[in-house]
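Down below is the structure, laid out as structure tokens.
What you see below is based on every heavy atom in this structure, not just the backbone, and it leaves out hydrogens, waters and symmetry mates.
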Amino acid sequence: MQMQLAALGMFAFTTDSTLFDKLTRSREWRHERTERFGAIAASQFVGPGAEKITLTGRLVPEVLGRYGALDTLVEMAATGDAYPFIDGRGRVLGHFTIDRVDEGHDNLTENGIARVKDFTIELTRVA
């Protein structure tokens, strides 16, 4: 049975592709400050700031997922396009660019093929 955890554009994070273990979401709001003599700085809210999502996980192709899943995400990143990110409850969190994909290869076979791949994917929301 295939379980969908989330999706980035048409890429579904599933047991057949790759699943992430952790999602970290960071959001900021911008406030411009003006120094004032003898008083606390004046502050004005100027709008939302950066929003980032970081996905971390482990891919074990012999058990769960497939080797090419991270390659697909790298190809998506290389287009420079923004993709809708949909969480496991079906909520669209916005459109995000793929800014970074880090891979760690572990438990290598004698041919140098990783049995385990750790990954981190960094996304940034765009307007």
Is a side-chain donor or acceptor of T97 paired with a backbone partner of A82 at a separation under 3.5 angstrom?
no

Any donor-acceptor N/O pair, N111 side chain to I113 backbone, under 3.5 Å
no

R100: partners by side chain to side chain donor-acceptor pair (under 3.5 Å), with sequence neighbours left out:
D102

Using links of under 4.5 Å between side-chain heavy atoms of ILVMFWY residues, direct or through other members, which residues join W29 in one cluster?
F45

If you link ILVMFWY side chains whenever their heavy atoms are less than 4.5 Å apart, which other residues fall into the same cluster as V46? By chain and number, please.
none

Residues 69-101 vs ring-ring contact (aromatic ring centres under 6.0 Å, His included), sequence neighbours excluded, gives none

Interatomic distance, T79 atom OG1 to I98 atom CD1 [nearest 0.5 angstrom]
7.0 Å

From K117 NZ over to N107 CG, what is the distance, rounded to the nearest 0.5 angstrom?
13.5 Å

Residue list, salt bridge (charged side-chain N to carboxylate O under 4.0 Å, His left out) with R30, at least two apart or on another chain:
none

Which residues pass the salt bridge (charged side-chain N to carboxylate O under 4.0 Å, His left out) test with E62, sequence neighbours left out?
R115

Looking only at heavy atoms, what is the nearest atom pair of [X] and [Y], with distance?
X   : Y   : answer
K22 : T24 : CE-OG1, 3.7 Å
A12 : S17 : O-OG, 2.7 Å
P84 : V92 : CB-CG1, 4.4 Å

Would a single hydrophobic cluster contain both L123 and V74, if residues Ile, Leu, Val, Met, Phe, Trp and Tyr are joined by side-chain heavy-atom contacts under 4.5 Å?
yes

[X]: what forms a side-chain contact (heavy atoms from CB on, under 4.5 Å) with it, not counting sequence neighbours?
X    : answer
T72  : F11, R66, M76
L108 : H105, A114
A41  : R33, E35
D106 : V116

For F20, which residues count as a ring-ring contact (aromatic ring centres under 6.0 Å, His included) partner, sequence neighbours excluded?
F13

Tell me which donor-acceptor pairs under 3.5 Å the side chains of residues 49-58 have, and how far apart each pair is, sequence neighbours excluded?
| residue | atom | partner | partner atom | Å |
| --- | --- | --- | --- | --- |
| E51 | OE1 | R125 | NH1 | 3.0 |
| E51 | OE2 | R25 | NE | 2.9 |
| E51 | OE2 | R25 | NH2 | 2.9 |
| K52 | NZ | T124 | OG1 | 3.1 |
| R58 | NE | D118 | OD1 | 2.7 |
| R58 | NH2 | D118 | OD1 | 3.1 |
| R58 | NH2 | D118 | OD2 | 3.3 |

